[in-house]
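Beneath this line is the structure, given in structure tokens, with notes to follow.
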Amino acid sequence: MHNERQYDAVVLGAGAGGLAAACVAAAEGLKTLLVEKSPLVGGTTAVSGGMVWIPANPKMAAAGIDDSVENARRYLERSAPPTREPAAREAFLERGPEALAYLEARTSLRLRPVTNYPDYYPELPGATLGGRVLEPVEFDARVLGSDFALLRRPLAEFMLFGGMMVARPDLPHFRAALSSPRSAARVARLVAEYAWQRRAAPRGTRLVLGNALVAQLLKSVRDLNVSLRLGAEAVRLVLRDGSVAGVEIAAGGQRETVAARAGVVLATGGFSHDAELRARLLPAIASPHSPVCAASTGDGIRIGLAAGGALGGRNSQPAFWAPMSHFTRADGSECVFPHTVADRGKPGIIAVTRDGERFTSEAVSYHEFVLAMFRANRRGAAIPAFLLCDRRSLWQYGLGAVRPFTLSLAKHLASGYLTRTASVAALAARLDIDATRLARTVATYNADARRGVDSQFGLGSNAYQRYLGDARNRPNPCMRPIGAAPYFAIRLYPSDLGTVAGLLTDASARVLGADGRALRHLYACGNDMNSIMDGAYPGPGITLGPALVFGYLAARHMAS
């Protein structure tokens, strides 16, 4: 190997899984190199909600919530299909709490339980109403010093005033700021703190959500003396005597080979932006626009396959789905907005197809919502679907990239992202929706909303759906009549939040070959690893939870 650099562990990809693997490897005494293709750290994790799903975690007990591995196992048996590699799923369940405890003891990662965030199918045996999902505690970016500039920014539309992040618990206070003195005071304090932070920083330094999670691990990378290489792309794995011995990387027009004595971890983020793998594995009706980090182009999967790894192909779905809307910003950049929890389940907002009819409860999980879009599209034109509301709901809850309490809608109307009309009939005409059926749909929805019971799809009928609604709205937090004009709508398309199909792995995150045997010194985690959920989406954080756990397991196996 020419121009060889020597390390014990080489980790490819600086999202949640890669950062965790690098931190644990270094904490275990391995000389570690973390390689990231883009010039920024964080990948899709940095722009995500940062939720981490780990059942039976010790923080649940501290919060007074009962859970067990057996409960979680029962829940997954019903909410997710049988997995091809049950050993990996079992390792996640059994060792997830251990991984969490290790990461909090040896790194700066700090998570807290979200005690009121239910699993996505709360009616199933073994489900919980909160606590399995954890969120990162807020993080002061000033601790990072100059490394703050290396952290990938959140989606601009998820921030206020050009750079202020808003935590999940803050959202109800922003909505109630004009009606509650307590909420007004909290919002005023946050805005004042943000103004002070901007005196010395390009954006707010109070980090929350996925940005906080990445920042915590980036600090740990520095504290643990992990070598960080940005803007470098993995080209191929180096094999020696049937074992992975290193990786060839390219940067700045030059190539070099890096030796990895203990192993290489593939954590490059899946293939959301690789045209060939998308055409091969994803349905054609899925939009090519994805909110996933643009650097997720299947690099880890490709070099893993070339080294003899096997690709998982028996998943119930090839990707984790979410509805999205998109438009071009004034600066020419593209916005791909994922509709996960902010708008669909709120009162007075409905989703319809071109035939003017609803096709699912608006408050089901984003994954289930897209599956319903796929089913409806087989019966008629459901792609795009349309999310529509009246002026009151737009003002209170926003609609996609249109934030709540937006005073001027001019840019969204001018771009065509948002449609506004003076009547429901006119909205149907503008969007080529069946006007007669749409009028009937709105009338039925309004009658149901007055009673608080959705006669068509059970909107607001379980704990998860009510969580997405507005608790102040009675009797159903997810429903109220669509009222006075004007009326607004945006187009929704099926998109992915990450890919499911990846390299098959065992309980230690070792990549498996077609014969089922583990490849020596090669590991995968995150979306480079075939998901242990096999295409199901049973709860919030079921991508980041396994990413952290299998990053930990890979590093511990290398160190052993």
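The basis for the numbers below is simple: all heavy atoms, side chains too, and nothing from hydrogens, waters or symmetry mates.
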*Please check if any side-chain donor atom of S296 sits under 3.5 Å from a side-chain acceptor atom of H273, or the reverse.*
no

Heavy-atom check, side chain of L497 versus side chain of T543, under 4.5 Å: no

* Asked: Between D274 (side chain) and L277 (backbone), is there a donor-acceptor pair under 3.5 Å?
  -> yes

The residue among L100, V69, I54, L553 that forms side chain to side chain contact (heavy atoms under 4.5 Å, CB included) with R95 is L553

Checking side-chain polar atoms at under 3.5 Å, does T360 have a donor or acceptor matched by the opposite partner on E368?
no

Quiz item: Does a salt bridge link D8 with R261, judged by any charged N lying under 4.0 Å from a carboxylate O?
Solution: yes

**Prompt:** Is any side-chain heavy atom of L311 closer than 4.5 Å to a side-chain heavy atom of L504?
**Reply:** no

State plainly whether the residues R520 and D241 are in salt-bridge range, i.e. N to O under 4.0 Å.
no

- Do R89 and E77 meet the salt-bridge criterion of a basic N to acidic O distance under 4.0 Å? no

Using distance alone, with no hydrogens and no angle criterion, decide if Y102 and E28 have a side-chain donor and acceptor under 3.5 Å apart. yes

G131 and P113 have their tightest heavy-atom pair at O-CB, 4.1 Å

Is it true that a side-chain atom of S220 and a backbone atom of Q216 form a donor plus acceptor pair closer than 3.5 Å?
-> yes

Problem - Within 6.0 angstrom of K219 NZ, more than 12 heavy atoms from elsewhere - result: no

Q. Taking side chain as C-beta onward, heavy atoms only, is P384 less than 4.5 Å from R354?
A. yes

Is the backbone N or O of P538 less than 3.5 Å from a side-chain atom of Y75, with the two atoms forming a donor-acceptor pair by type? yes

Ignoring hydrogens and geometry, is there a side-chain-to-backbone donor-acceptor pair from S531 to V500 under 3.5 Å? no

Kindly check if the number of other-residue, nucleotide or ligand heavy atoms within 6.0 Å of CZ (R517) is above 12? no

When every non-hydrogen atom of L34 is compared with those of A14, the smallest separation belongs to CD2-CB, 4.1 Å

| query | Could R229 and E36 be called an ion pair, given the rule that one side-chain N must be under 4.0 Å from one carboxylate O? | reply | no

Q.
Using a strict threshold of under 4.0 Å (side-chain N to carboxylate O), is an ion pair present between E135 and R112?
A. yes

message = Can you confirm if the aromatic rings of F320 and Y366 lie within a centre distance of less than 6.0 Å?
response = no

**Request:** In plain terms, say whether E233 and R255 are close enough for a salt bridge, that is, a side-chain N and a carboxylate O under 4.0 Å apart.
**Result:** no

* **Test item: N527 side-chain N/O and G270 main-chain N/O as donor-acceptor pair under 3.5 Å** => no

* If we only count heavy atoms from C-beta on, is the W321 to Y537 side-chain gap below 4.5 Å? -> no

Note to self: What I'd like to find out is whether the side chain of N315 reaches to under 4.5 Å of the side chain of N530, using heavy atoms alone.
What the structure shows: yes

One should read off an interatomic distance between C23 SG and L548 CG, to the nearest 0.5 angstrom, of 10.0 Å

Handout entry: Expected output: side-chain N377 to main-chain A381 donor-acceptor under 3.5 Å
Key = no

Before accepting this row, confirm whether a basic side-chain N of the pair R110/E104 lies closer than 4.0 Å to the acidic partner's carboxylate O. no

So CG of L387 and OG of S325: to nearest 0.5 Å the spacing works out to 8.5 Å

Note to self: Does either side chain, that of S316 or that of D534, offer a donor lying less than 3.5 Å from an acceptor on the other one?
What the structure shows: no

message = Can you confirm whether E334 is buried at CD, in the sense that more than 12 heavy atoms of other residues, nucleotides or ligands lie under 6.0 Å from that atom?
response = yes

- Query: Do I532 and P86 have side-chain heavy atoms sitting under 4.5 Å apart?
  - Reply: no

In terms of heavy-atom contacts, D496 and S272 come closest through OD2-OG, 2.5 Å

State yes or no: are the ring centers of H289 and Y493 separated by less than 6.0 Å? no

Thinking salt bridges, do E123 and R78 make one under a 4.0 Å N-O criterion?
no

- Task: Could you check if a side-chain atom of V265 sits within less than 4.5 angstrom of a side-chain atom of L12, using non-hydrogen atoms only?
- Result: no

Next on the checklist: Can you confirm whether the side chains of D299 and T297 place a donor and an acceptor under 3.5 Å from each other?
Outcome noted: yes

*asked:* If only side-chain N and O atoms count, and only distance matters, is there a donor-acceptor pair under 3.5 Å linking D67 with T128?
replied: no

Open item on the list: When you measure from the centre of the six-membered ring of F369, is the NZ or CZ of R344 closer than 6.0 Å and no more than 45° off the axis?
Closed with: yes

Ignoring hydrogens and geometry beyond distance, is a side-chain donor-acceptor pair present between S38 and R152 at under 3.5 Å? yes

* Asked: Is there a donor-acceptor contact under 3.5 Å from the side chain of T107 to the main chain of L103?
  -> yes

- [ ] Check whether any side-chain heavy atom of L217 lies under 4.5 Å from a side-chain heavy atom of L109, and answer yes or no.
- [x] yes

